[in-house]
Amino acid sequence: MISGASSPYQPTTEPVSQRRGLAGLRCDPDYLRGALGCLKVAQVVLALIAFICIETIMECSPCEGLYFFEFVSCSAFVVTGVLLILFSLNLHMRIPQINWNLTDLVNTGLSTFFFFIASIVLAALNHKTGAEIAAVIFGFLATAAYAVNTFLAVQKWRVSLRQQSANDYIRARTESRDVDSRPEIQRLDTIDFPRFRTLLSSLQM
């Protein structure tokens, strides 16, 4: 009979693996206190308030500007909220195949453009109601927040490109030095094949 101590099926095996998996889900306070984190929180809050303001409007004519602003504010809130969760919990580090700097840049750039257009259209077509005026104000505030984030995202993306280029250069230099330090390794393009054939024929004779 197998005792509990010597049995390979320990009851604590599965809970231990679960604790290890959940250990990676930790909030990153440095990101939330940084400029990009604060801007992300501001964007989510402003987009949500703008969406709530536009949803309180019961009557509209024409309604195209209102519908467009509603779509832009809702989309910006959802996409930016997802990115905020990914960055604040470091979940983006688990998917290195995606260029997150470029993803953030595209999101903030498009949100800046569409929030600006939607706010202008709503301001031109509104009926001077309190909800519409509030939506326009928060729309322009969200545009400003996204514009600043776009500027910072461009700088961060350029820095990441420089670092990648520097790493590629250092890797290429290291590989070149490894080849030069081993003279027994010869490249095929440096071998004199006619001379090699002449040497073989002389040895066979």
Side-chain angles (χ1 to χ4, degrees), residues 10 12-51 68-119 139 141-182 185 187-189:
Q10 297 295 329
T12 58
T13 301
E14 186 175 355
V16 169
S17 62
Q18 291 179 355
R19 286 197 298 269
R20 289 179 179 177
L22 295 177
L25 296 178
R26 295 179 181 177
C27 183
D28 187 2
D30 294 333
Y31 174 79
L32 295 177
R33 286 194 294 263
L36 293 176
C38 293
L39 284 172
K40 278 285 181 294
V41 174
Q43 291 160 14
V44 171
V45 173
L46 291 173
L48 177 61
I49 296 176
F51 177 74
F68 181 60
F69 189 92
E70 179 183 17
F71 171 77
V72 171
S73 59
C74 180
S75 301
F77 168 73
V78 172
V79 176
T80 307
V82 171
L83 290 177
L84 176 61
I85 293 175
L86 291 174
F87 293 151
S88 60
L89 296 179
N90 287 327
L91 293 176
H92 65 291
M93 302 297 292
R94 301 186 178 185
I95 314 176
Q97 296 82 4
I98 299 178
N99 189 336
W100 292 105
N101 293 328
L102 183 59
T103 302
D104 186 35
L105 174 59
V106 172
N107 172 63
T108 54
L110 291 178
S111 298
T112 301
F113 175 77
F114 285 113
F115 245 126
F116 181 70
I117 298 299
S119 299
L141 290 176
T143 301
Y146 277 108
V148 175
N149 197 163
T150 301
F151 175 75
L152 296 178
V154 168
Q155 290 185 331
K156 187 176 181 181
W157 180 57
R158 288 179 177 176
V159 170
S160 65
L161 287 180
R162 293 194 191 100
Q163 291 178 349
Q164 183 178 2
S165 299
N167 293 334
D168 293 340
Y169 175 76
I170 293 174
R171 188 181 302 110
R173 291 285 297 176
T174 303
E175 293 176 355
S176 176
R177 290 175 181 174
D178 291 340
V179 173
D180 294 340
S181 62
R182 299 179 60 183
I185 300 178
R187 298 179 181 177
L188 292 177
D189 55 355

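Atom CG of Leu86 and atom CE of Met93 lie 12.5 Å apart (nearest 0.5 Å). Between the CG atom in Leu83 and the OG atom in Ser88 there is a gap of 10.5 Å [rounded to 0.5 Å]. Taken from CG in Leu91 to CH2 in Trp100, the straight-line distance is 9.0 Å, to the nearest 0.5 Å.
For residues 98-112, every residue pair satisfying the salt bridge (charged side-chain N to carboxylate O under 4.0 Å, His left out) rule, not counting sequence neighbours, is listed here: Lys40-Asp104.
Partners of Thr108 according to the side chain to side chain donor-acceptor pair (under 3.5 Å) rule, which considers only residues two or more places apart in sequence or in another chain, are Thr150. Partners of Val106 by side-chain contact (heavy atoms from CB on, under 4.5 Å), not counting sequence neighbours, listed by chain and number: Leu102, Leu110. Every side-chain contact (heavy atoms from CB on, under 4.5 Å) that Leu39 has, sequence neighbours left out, goes to Gln43, Val148, Asn149, Leu152. Phe77 is linked by a side-chain contact (heavy atoms from CB on, under 4.5 Å) to Val44, Ala47, Leu48, counting only residues two or more places apart in sequence or in another chain. Under the side-chain contact (heavy atoms from CB on, under 4.5 Å) criterion, Cys27 pairs with Leu32, Leu89, sequence neighbours left out. For Phe87, the ring-ring contact (aromatic ring centres under 6.0 Å, His included) criterion is met by Tyr31, His92, not counting sequence neighbours.
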Practice item. Under the side-chain contact (heavy atoms from CB on, under 4.5 Å) rule, what do Phe68 and Phe114 come out as? Steps first, then yes or no, please. Key: CA-CA 9 Å; Phe68 181 60; Phe114 285 113; 4.0 Å; yes
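For the residue pair Ser119 and Thr143, the shortest heavy atom distance occurs at OG-OG1, 4.3 Å.
In this structure, the side chains of Tyr146 and Leu46 stay at 4.5 Å or more apart for every pair of heavy atoms. Considering only heavy atoms from C-beta on, Lys156 stays 4.5 Å or farther from Leu105 through its side chain.
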Show every donor-acceptor pair shorter than 3.5 Å between a side-chain atom in residues 69-76 and any protein atom, with sequence neighbours excluded, or say none if there are none.
residue : atom : partner : partner atom : Å
Ser73   : OG   : Phe69   : O            : 2.9
Ser73   : OG   : Glu70   : O            : 3.1
Ser75   : OG   : Phe71   : O            : 2.8

